[in-house]
There are 2 protein chains.
Amino acid sequence: MLVEDAAGFHAWFAERGAAHRYRIAPAPLHALDGWETEPGTGRIRHRSGRFFSIEGLRFQRPDPAVPAWTQPIIQQPETGILGVLVKRFGGVQHLLMQAKMEPGNINTLQLSPTVQATFSNYTRVHRGAAVRYVDHFLTPGAGDRVHYDALQSEQGSWFLGKRNRNIVVETTGDVPVHEDFCWVPRPVMAGLLRVDNLVNMDSRTVLAGLPDEPGAPERPAGRPLHDTAALLHWFTGAKVRHRPERRLVPLGEVGGWHRDEERGEIVHDAGRYFRIIGVDVEADSREVASWSQPMLAPVGRGVIAFVSKEIQGERHLLVQARAEAGTFDTVELGPTVQCNPGNLAEGAPRPPYLDAVLAAPPEQVLFDTIHSEEGGRFYHAENRYLVVDGTHIPLEVPEDYRWMTVRQLTRAGLVGNIVDVEARTLLACVRTLPGHGAGR
Amino acid sequence: MLVEDAAGFHAWFAERGAAHRYRIAPAPLHALDGWETEPGTGRIRHRSGRFFSIEGLRFQRPDPAVPAWTQPIIQQPETGILGVLVKRFGGVQHLLMQAKMEPGNINTLQLSPTVQATFSNYTRVHRGAAVRYVDHFLTPGAGDRVHYDALQSEQGSWFLGKRNRNIVVETTGDVPVHEDFCWVPRPVMAGLLRVDNLVNMDSRTVLAGLPDEPGAPERPAGRPLHDTAALLHWFTGAKVRHRPERRLVPLGEVGGWHRDEERGEIVHDAGRYFRIIGVDVEADSREVASWSQPMLAPVGRGVIAFVSKEIQGERHLLVQARAEAGTFDTVELGPTVQCNPGNLAEGAPRPPYLDAVLAAPPEQVLFDTIHSEEGGRFYHAENRYLVVDGTHIPLEVPEDYRWMTVRQLTRAGLVGNIVDVEARTLLACVRTLPGHGAGR
């Protein structure tokens with residue numbers, strides 16, 4: 001399928017939704033087919049030793065005033081592929097997108113990249129069907145041009161050092177289009193990013209690295225508040241300043257959390273943060289028709305926001321150097337605000353800029369859409385993604401924050417493990433805003 | 001001291017050598033004051049738990065045809081500072097360099113950066129004197145401008161994920177110069193890089209990140225063989241392809257190595273690679289007047305070389321994506337050749353380009369100097385650093401190799417953990433060659 005506009009897209013997408021049947025049912029962790037709780041450690045793992053496991057982690061900041069904490073965390077050492085195939089039709093870039101079911105998805109079906117495959121998938125540990133289009137990314141041919149290729153982190157609070165290979169390939173070759181796939185014009189994709197719970201995380205992170213269209217309108221001439229050397233100095237300083245100590249601990253001994261044997265879940269003692277639950281899945285459109293797996297189900301909806309401000313004639317974003325429990329290398333660049341207000345402990349300080357973002361009047365809200373995170377590991381994990389004009393926000397910022405231009409952040413994102421996944425989602429959205437980058 | 005030319009420098013340096021007395025004597029590992037061999041694991045550690053330790057490592061490539069190996073390795077989780085302070089005198093950049101003794105140094109005294117301090121040093125675990133000039137790097141003042149700041153790896157074959165913070169700060173402030181320090185004009189430093197065993201590793205790695213002088217002669221106009229997207233695609237692919245498995249194992253159980261109890265050393269069964277030895281040190285110019293420590297003493301001299309070739313009107317270097325046992329993140333960009341020919345097992349294949357480099361006729365040898373590695377951990381660790389003109393080397397290269405321009409490699413080196421320490425040493429040298437970069 002090739003669609004010309006949003007209406008055409010939605011018609012196709014609704015038709016795909018009707019074409020498949022899925023059943024996703026909660027199940028207790030102790031009854032998940034193929035999965036076991038390791039005696040002694042309490043670790044939850046697949047009997048084959050593959051896919052992923054749920055471990056315990058202890059995290060301690062160098063600042064002795066901040067108490068250490070322990071938490072469950074997903075360990076998935078494999079590196080999968082998230083690839084978007086691009087092709088020009090009538091001179092316009094189109095992206096080959098996929099209607100894909102994931103068990104944790106709000107609305108079950110969301111829009112995935114051309115390839116969204118774990119290492120187990122594309123090397124066929126599942127013994128499922130071969131992954132479509134993966135050769136364009138694994139072994140690009142003569143008609144394929146790689147625009148972007150980086151190992152990128154995913155949720156640092158929930159994954160221990162996980163990353164996936166993000167790739168964009170533009171092809172001039174013939175591409176047979178399977179019925180679950182659709183060529184979407186790039187300008188139409190920009191609009192779809194404004195629809196709640198439609199474009200999945202795996203798509204958004206790749207879109208963040210899509211290069212500007214040649215001939216896209218130039219950004220207004222301006223100059224960055226900080227040059228590259230100054231930003232790298234600040235980023236390196238943050239890595240040295242945060243340098244947390246972390247180590248795996250037995251999941252059964254993770255303080256502040258317990259296993260509710262009756263419900264078959266792992267929950268926080270005060271009901272905060274997330275639960276580890278199980279699900280049974282039946283599908284007729286996945287590599288394997290039915291399976292069971294543990295999932296991480298967040299408690300409540302998060303707020304993820306960039307404050308944007310015109311400085312010296314150029315749009316800047318207020319980025320934060322964030323150290324999360326599972327961050328691959330100490331800190332990455334995150335959005336201005338990234339938190340779950342409902343999970344703040346009583347009396348805990350409010351994160352900087354949270355209230356400013358939530359209180360922004362409508363005319364200062366440049367972007368406001370709910371997106372959900374990876375439906376293969378996270379169950380109904382919704383975040384409200386915002387971009388807020390920060391004309392009234394002072395230039396002076398706390399130690400862990402810096403103003404960067406959209407172009408600087410986009411370039412930083414071309415190298416892996418520098419820009420976090422939440423910032424990459426917002427970057428994909430920000431770059432479609434007037435005055436924030438090239439048109440898409 | 002401020003010197004104007006090489007003669008002035010050598011006079012000052014000889015005078016510093018005469019001003020201090022040092023005694024460095026081999027000592028068995030079991031008799032090192034303050035150090036112990038952990039019962040059970042065989043791990044060698046300081047009784048305080050600080051500084052560094054010698055561990056065992058098991059390393060396995062994903063290619064089942066390549067056998068796994070085990071080896072001793074240095075673990076030093078702390079991040080130190082290597083900083084060079086720059087100041088203009090008469091419009092010319094001068095670097096504040098230090099005559100510093102390290103127990104492993106050939107010639108005892110070598111030329112160090114302004115600051116060369118472990119985290120233990122500059123936080124004064126040694127209870128020694130404060131580290132001079134460190135404030136310019138930890139808390140740059142109004143007169144200080146940071147040109148370069150990155151966490152950079154060190155020898156991946158010998159260190160497990162070690163890195164130091166490399167910083168260049170240019171100051172306009174008054175700087176009192178201690179007698180062991182000297183302002184060296186940047187063009188004079190370029191010449192000193194051609195003197196055997198003089199400019200130490202810590203200096204060379206920082207020099208690699210020194211920005212071009214404003215107004216330096218422009219490189220000839222040309223264009224890179226591969227653009228940035230193509231190089232990042234190749235680099236990411238190498239990370240996924242190599243993805244080694246590695247884990248710490250008890251040092252006492254490292255296969256192929258044994259502890260010679262009589263000599264008090266750890267040695268390879270066939271006498272290859274390196275030995276772990278002990279030394280007793282007495283000095284009158286270090287923070288602490290006498291101490292003992294383990295060191296890694298390589299067997300034989302290594303060959304580290306870039307093949308350089310003019311392509312499309314611009315100088316290119318042939319870089320290699322190298323996965324070493326201790327590499328922080330799978331692979332980094334290394335020189336064309338990096339090996340110790342004397343350590344090649346009998347019948348083992350010769351590394352690509354080694355023989356081409358060794359057989360290059362004199363008129364194709366653009367650079368040829370012996371430098372030694374970190375004298376604080378390595379004992380008499382010499383490498384022959386070469387740059388060889390590769391006019392006759394084909395453009396077509398094996399999978400793990402790519403042609404990059406000097407400018408591309410220099411830019412890649414601004415971000416940490418991309419360019420390895422051997423390539424950074426060569427880069428510092430290469431950038432002083434005619435046609436290879438700005439004059440220094």
Side-chain angles (χ1 to χ4, degrees), chain A residues 62 77-81 83 119 122-123 137-140 144-153 161 163-170 209-211 226-246 328-331 399 411-418, chain B residues 62 77-81 83 119 122-123 137-140 144-153 161 163-170 209-211 226-246 328-331 399 411-418:
Chain A
E78 292 181 355
T79 298
I81 291 184
F119 188 82
Y122 74 76
T123 54
F137 303 96
L138 289 178
T139 51
D144 297 327
R145 178 148 180 235
V146 180
H147 285 313
Y148 169 52
D149 185 358
L151 292 181
Q152 296 287 17
S153 63
R163 40 190 196 173
N164 271 320
R165 188 173 185 180
N166 286 222
I167 321 189
V168 174
V169 171
E170 182 161 342
L210 204 59
H226 306 290
D227 66 14
T228 305
L231 291 171
L232 284 168
H233 170 52
W234 165 74
F235 186 56
T236 302
K239 285 195 180 188
V240 172
R241 194 165 61 244
H242 282 278
R243 62 173 197 294
E245 282 182 25
R246 66 181 182 197
F328 181 82
D329 180 16
T330 324
V331 299
E399 192 174 32
R411 272 179 34 209
L414 298 182
V415 181
N417 285 123
I418 291 183
Chain B
E78 292 180 356
T79 299
I81 290 183
F119 187 82
Y122 74 76
T123 54
F137 304 96
L138 289 178
T139 52
D144 296 328
R145 178 148 180 235
V146 180
H147 285 312
Y148 169 53
D149 185 357
L151 293 181
Q152 296 287 18
S153 63
R163 38 190 197 173
N164 271 321
R165 187 174 185 178
N166 286 221
I167 321 189
V168 174
V169 171
E170 182 161 343
L210 203 60
H226 305 290
D227 66 15
T228 304
L231 291 172
L232 284 168
H233 171 52
W234 165 75
F235 186 57
T236 302
K239 285 195 180 188
V240 172
R241 195 164 63 243
H242 282 279
R243 61 172 197 294
E245 282 182 23
R246 65 179 183 199
F328 182 82
D329 180 16
T330 324
V331 299
E399 194 174 30
R411 271 178 36 206
L414 297 182
V415 181
N417 285 123
I418 293 183

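Sequence lines set the chain letters: A, B, ... in the order given, protein chains first and strands last, and positions in each chain run from 1.
- Contacts between R163(A) and chain B at a heavy-atom distance below 4.5 Å involve the side chain alone, from C-beta outward.
- Both the backbone and the side chain of V146(A) come within contact range of chain B, judged by heavy atoms closer than 4.5 Å.
- Put simply, the side chain of Y148(B) reaches to within 4.5 Å of the side chain of N166(B), judged on heavy atoms.
- Within the 4.5 angstrom heavy-atom criterion, no atom of P77(A) approaches chain B.
- Environment of CZ in R145(B): sparse, with no more than 12 heavy atoms of neighbouring residues, nucleotides or ligands closer than 6.0 Å.
- The candidate from L232(A), D329(A), N417(A) with the greatest count of non-hydrogen atom pairs under 4.5 Å with chain B is D329(A).
- Proximity to chain B (any heavy atom under 4.5 Å) is shown, for H233(A), by both the backbone and the side chain.
- The two residues F328(B) and R246(B) have their closest heavy-atom pair at O-NH2, 3.7 Å.
- Note that NZ of K239(B) is 13.0 Å distant from CZ of R241(B), once rounded to the nearest 0.5 Å.
- Neither the backbone nor the side chain of I167(A) comes within less than 4.5 Å of any heavy atom in chain B.
- Contact annotation: the side chain of I418(A) approaches that of V415(B) to within less than 4.5 Å [non-hydrogen atoms, C-beta and beyond].
- F137(B) does not carry R165(B) over the face of its six-membered ring by the limits of under 6.0 Å from the centre and within 45° of the normal.
- The part of T330(A) that comes within reach of chain B is its side chain, from C-beta onward, which places non-hydrogen atoms under 4.5 angstrom from that chain.
- Counting heavy-atom pairs under 4.5 Å between each of T79(A), L151(A), T228(A), L138(A) and chain B puts L151(A) at the top.
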